[in-house]
Novice: 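The following block contains the structure, expressed as structure tokens.
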2 protein chains.
Amino acid sequence: MPKPEVDPTVSLRLGVDRTSPVPLYFQLSQQLETAIERGELTPGSLLGNEIELAGRLGLSRPTVRQAIQSLVDKGLLVRRRGVGTQVVHSQVKRPMELTSLYDDLEAAGQRPATRLLANTLVPASAEVAAALGVAEGSEVHRIERLRLAHGEPVAHLRNHLPVGLFDLDGDRLESTGLYRLMRAAGITLHSARQSVGARTATAAEGDRLDEREGAPLLTMRRTTFDDTGRAVEYGDHTYRASRYSFEFQLLVRS
Amino acid sequence: MPKPEVDPTVSLRLGVDRTSPVPLYFQLSQQLETAIERGELTPGSLLGNEIELAGRLGLSRPTVRQAIQSLVDKGLLVRRRGVGTQVVHSQVKRPMELTSLYDDLEAAGQRPATRLLANTLVPASAEVAAALGVAEGSEVHRIERLRLAHGEPVAHLRNHLPVGLFDLDGDRLESTGLYRLMRAAGITLHSARQSVGARTATAAEGDRLDEREGAPLLTMRRTTFDDTGRAVEYGDHTYRASRYSFEFQLLVRS
DNA sequence: GTCAATGGTTTGTCCGGACAATCGAACTTC
DNA sequence: GAAGTTCGATTGTCCGGACAAACCATTGAC
């Protein structure tokens, strides 16, 4: 019985534009990714071997491998030596990224809004100084914001930032997220150290978030670093557990 | 004024063993990683250009690049075109991985223990069936465990698993983590979809975890998939917020 | 003094080739 | 029929080279 299993990439309109400044491997990986998203490459199907694929596209094998590897890193493909490359049966949504709550809510169609509660300079407490790597008592920015979705409070965000990093404009703080402002100021975010916990609301916290005293809160503390290793932000956030939870995908790094 | 900034890798004892079955790029990346951990490569220092490094080690540039790239992916190094490769000023600990609580506690020296509360076969509820991709009402394993650290309860773990995946031995469930058992059974874990939230404890939950009713709990729901896309586990866990929080590192994928 | 042009350094991308390691299936042997 | 063997297929690793793109410091022009 002949196996009618053909390389599913042959029917795809794959092809690269060599006049484009976009790297070839990136063009290919994007085309493959959209094909997977659209279901044109069905989960579990083999991809056809690299050498043949390279020949058909007029690319070298290293270039094709680079494209495939980037999708393997994203968790969309799985390679097996001696077998081939398969599309993962994916419930894959998105790995946990370093995004701001604002972008998350906006992507979910939740119409985020921000109410700026405070934007001042304060002496750094011991905790803040340790996180930001500055001297205790030295001046740092302190921002407090209330984040709303559909007009309802979702989270209380308190952030401390070193001075002189970029312009903290009150208007812009209300119209977008902090991370977007930092990126726009030329800061390259690199990594963050996070701690997620829970506690019950005090009376004051309850007032702020429209919850009762004793209501469950999700807490997140985060120190963010840029690619030079500087701490650029320290955040201490509380979320209404009734309105928010962290959703994310984890990949096994092998 | 002359800059005495020399390539710090020259003083390192770097070298590869070509008779070893370990890939050359892996040998190099490990040597670099340990050098960074030991502080022999200080944060912020340049690494010396790839071509010269390759020549010194008797390797090709692609191999050296592969080694460096793996450390960039781990967040230990940063590359800049026209500048060089720098060691990140790292607070880097560990990116969020797909680990079991058992391993986490053990790594932290917390002497974990497990009390097996239940290990039965039950018909799948709608929620479990949807998560595991089986028919509602079909039989699935149900495990309930209490996780202790230093003899104190830390978390209540309820897991559902499809039948026929591997042998669920009660003794082994008490002596190690679930993920270790799965890996030992030849299952290749690939990814997981997680949701982290908070709520207050009911009276029954309080009893189990040695907390009062109304105490804050951290909740985590997780569906884990293997590399074929099968759901291999669905977990519904509650942690004592007073004793546990999630600590992890996030990297910006660029 | 300030700004623009220049050039050197370094990483980014891409090529073509070679051999090894691993997997699965077909085949052989008992 | 079952177990071991062989073999083709596919990815993993490694090499050497070439040019492009981006960054930084220096130089030059105004």
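Below, chain A is the first sequence line, B the second, and so on; all start at residue 1.
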Novice: Rounding to a whole Å, what distance do you find between A:L47:CG and D:dA9:P?
Specialist: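 My rounded result for the distance is 18 Å.
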Novice: Could you give all pairs that pass the salt bridge (charged side-chain N to carboxylate O under 4.0 Å, His left out) test and reach residues 16-35 of chain A, with sequence neighbours left out?
Specialist: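 Sorted result for residues 16-35 of chain A: A:E33-A:K74.
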Novice: Between B:T85 and C:dT11, is there a contact of a side-chain N or O with OP1 or OP2 at under 4.0 Å?
Specialist: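 B:T85 to C:dT11 OP1/OP2: side-chain N or O found under 4.0 Å.
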Novice: Using a cutoff of under 3.5 Å, can you pull out all pairs of nitrogen or oxygen atoms linking the protein to nucleotides 12-16 of chain C, with atom names and distances?
Specialist:
residue, atom, partner, partner atom, Å
C:dG12, OP2, B:R65, NH1, 2.9
C:dG12, OP2, B:R65, NH2, 3.0
C:dG12, OP2, B:R79, NE, 2.9
C:dG12, OP2, B:R79, NH2, 3.4
C:dG12, O4', B:R81, NH2, 3.3
C:dG12, N7, B:R61, NH2, 2.9
C:dG12, O6, B:R61, NH1, 3.2
C:dT13, OP1, A:Y25, OH, 3.1
C:dT13, O4, B:R61, NH1, 3.4
C:dC14, OP1, A:L24, N, 2.3
C:dC14, OP2, A:L24, N, 3.4
C:dC14, OP2, A:Y25, N, 3.2
C:dC15, OP1, A:R18, NH1, 3.4
C:dC15, OP1, A:R18, NH2, 2.5
C:dC15, OP2, A:S60, N, 3.1
C:dC15, OP2, A:S60, OG, 2.9
C:dC15, OP2, A:T63, OG1, 2.5

Novice: How many Å lie between CD on A:Q86 and C1' on D:dT10, as a whole number?
Specialist: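 Rounding to the nearest Å, CD of A:Q86 and C1' of D:dT10 are 13 Å apart.
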Novice: Would the distance check show the side chain of A:E247 and the main-chain N or O of B:S195 forming a donor-acceptor pair, the cut-off being under 3.5 Å?
Specialist: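 Absent.
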Novice: Show the atom names and distances, to 0.1 Å, of all donor-acceptor pairs under 3.5 Å that link a side chain in residues 130-140 of chain A to residues at least two apart or in another chain.
Specialist:
residue, atom, partner, partner atom, Å
A:S138, OG, A:A135, O, 2.7

Novice: Using whole Å, report how far CD of B:E52 lies from P of C:dT9.
Specialist: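 To the nearest whole Å, that distance equals 13 Å.
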Novice: Measure the spacing between CZ of A:R222 and CZ of A:R193 and express it to the nearest 0.5 Å.
Specialist: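 Result: 13.5 Å between the selected atoms.
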Novice: Can you tell me if A:Q31 uses its side chain to pair, donor with acceptor, with the backbone of A:G15 under 3.5 Å?
Specialist: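 Such a contact is found between A:Q31 side chain and A:G15 backbone.
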Novice: Enter the distance from B:L121:CG to B:R142:CZ here, rounded to the nearest 0.5 Å.
Specialist: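 Rounded to the nearest 0.5 Å, the CG-CZ separation comes to 11.5 Å.
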Novice: Please report the distance, rounded to the nearest Å, between CG in A:L77 and P in D:dT10.
Specialist: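 Rounded to the whole Å, the gap is 16 Å.
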Novice: May I have the distance from B:N49 (atom CG) to D:dA22 (atom C1'), rounded to whole angstrom?
Specialist: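 Whole-Å distance recorded here is 16 Å.
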